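Please read all numbers here as calculations on a predicted model, not as lab measurements. Every chain is numbered from 1, with letters handed out A, B, ... down the list of sequences.
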Protein chains: 2
Amino acid sequence: MPWRPTRQRKAVLSALHDCAGFTSAQELHEALEADGIPIGLTTVYRALHALDRSGQVDVVREKSGERLYRPRPADGHRHYLVCRDCGLSTAVDADAVERWAEDVAGTMGFAEVEHTVELTGVCDRCRVTPAVRSSAEQHS
Amino acid sequence: MPWRPTRQRKAVLSALHDCAGFTSAQELHEALEADGIPIGLTTVYRALHALDRSGQVDVVREKSGERLYRPRPADGHRHYLVCRDCGLSTAVDADAVERWAEDVAGTMGFAEVEHTVELTGVCDRCRVTPAVRSSAEQHS
DNA sequence: TCAGTTATGGAAATGATTACCATGTGCGTC
DNA sequence: GACGCACATGGTAATCATTTCCATAACTGA
C-alpha cells in the first residue's frame, strides 16, 4: 500500500495543523476551498481516514455523532479535555485510565480491550466570555 | 410535563428489559413489531429519548455512531464493558474514573465537566465460540 | 512513452435520527 | 357519559455526516 503524498493530502494535513482545536471533515473542506484549494469532500474524508489508520490524528465524537479530528501531538497523547463552548482542547494525562482499563478488562476475562474516554467542560475563558463554537472563533 | 404511561411506552420499556445487552432503537422496533405490537419507529425513538432524559436508561455509542440503549440497573452504574462480538455488557466499577475526571478538569480550570467512558473487548465465551452480533444471539 | 496502479471528485446511495403534521388517545371536568 | 384539550402517535419526508460508485486524472517505474 504505497503512500503518495499528493497535493490534496498535504493540504489536508496542513489545514489540520492550522486549526486550534478539533475540526470536522466538513469544516476542513470548507476551509480548504476558502483558501482557494480545490479539493473534493470525498478526498478529505479519505485523507482523514488514512491519517487515522496510520495514527497521525486523534478522533473524537461529539454528541451529535460527528467525528472531529486533530493532529496527534508528538508526545503521543490520546485523551483530551475539550471545551464545549469554544472547542479548545487540552491534552490530558490519561495513563491512569489506560491502566485502569487494562485492569478491569483483565479481571472480567475480556481480551482485546479498547477504550474511549472523552472529557468535556467549559474552559476558564468561556466561563467569562461565552463564545459560539465555530472554527473561526476557536482560541488556542 | 406529564408522563402518560401509554401502551407503547410500556411496551418499549418492557422490550428493553427483555434484551440481554445493549439494543438499538431499530432492533427494538423490529422486536416489538415481531411480537405483534404495532408501534411507529418515531415513537420508539421518542420513548428512548424520554427514558434517557429521565435517567432510566444508559446510552452508549458504537463505532458506527449508532446509539445503543439499556435499562439502568438499580445500583446506578453507568459504565460498561461491552463485548464487541456478542454484545454482552457488564457493569463496571468506575468510581475511579469519576474521581479522575473531576480532578483533571478541576486542575485545568474547566467547569461543568462531563465524561464518556466506553470499554469494549471480547468476552471469555466469544473467544472460544465466536458469535455474530445480533439481538437474538446475545447471552446474558 | 507506455502500462499499471493509485488518487480524485462529483453524484448518488446509505443509514440512523429528526422534523412535520394530521390524526388518535388519556384524562380531568361538567 | 359527553366534552375539551393537552399530550401522544406514526407515516412520510427531510437532515446530515459519511460511504459507495465510477469514470477520469495523476503518478511511477520500466
Rounded distance in Å - [atom1] ([X]) to [atom2] ([N]):
X	N	atom1	atom2	value
B:Tyr69	C:dA16	OH	P	13 Å
B:Arg61	C:dG15	CZ	P	18 Å
B:Asp52	C:dA16	CG	C1'	16 Å
A:Arg67	D:dC16	CZ	C1'	13 Å
A:Lys63	D:dC16	NZ	C1'	18 Å
B:His29	C:dG15	NE2	P	17 Å
A:Glu66	D:dC16	CD	P	11 Å
A:Gln26	C:dG9	CD	C1'	15 Å

**Item:** Candidates C:dT18, C:dT17, D:dT18 - which lies nearest the side chain of B:His49
**Value:** C:dT18
Indicate yes or no: at least one non-hydrogen side-chain atom of [X] is less than 4.5 angstrom from one of [Y].
X	Y	answer
A:Leu48	A:Leu16	yes
B:Trp100	A:Trp100	no
B:Asp58	B:Pro73	yes

**Message:** Centroid separation under 6.0 Å, is that true for the rings of A:His79 and B:His115?
**Reply:** no
**Request:** Hey, which sits more toward the 5' end of DNA chain C by its nearest nucleotide, B:Ser64 or B:Thr6?
**Result:** B:Ser64
**Request:** Show your working on side-chain hydrogen bond (donor to acceptor under 3.5 Å, both in side chains) between A:Ser54 and A:Gln56 and close with a plain yes or no.
**Result:** CA-CA 6 Å; A:Ser54 66; A:Gln56 295 178 72; 2.9 Å; yes
**Request:** Look only at the side chain of A:Arg61 and the backbone of B:Lys63, and say whether a donor-acceptor pair between them is shorter than 3.5 Å.
**Result:** yes
**Message:** Just verifying a value: how many Å separate A:Thr120 OG1 and A:Arg84 CZ, rounded to the nearest 0.5 Å?
**Reply:** 4.0 Å
**Prompt:** Would you say B:Arg9 reaches C:dT25's phosphate, i.e. side-chain N/O to OP1/OP2 under 4.0 Å?
**Reply:** no
**Distance test, side-chain N/O of B:Gln8 to OP1/OP2 of D:dG10, below 4.0 Å** = yes
**Fill in**
Within residues 32-48 of chain A, those residues having any heavy atom closer than 4.0 Å to DNA chain C are A:Pro38, A:Ile39, A:Gly40, A:Thr42, A:Thr43, A:Arg46
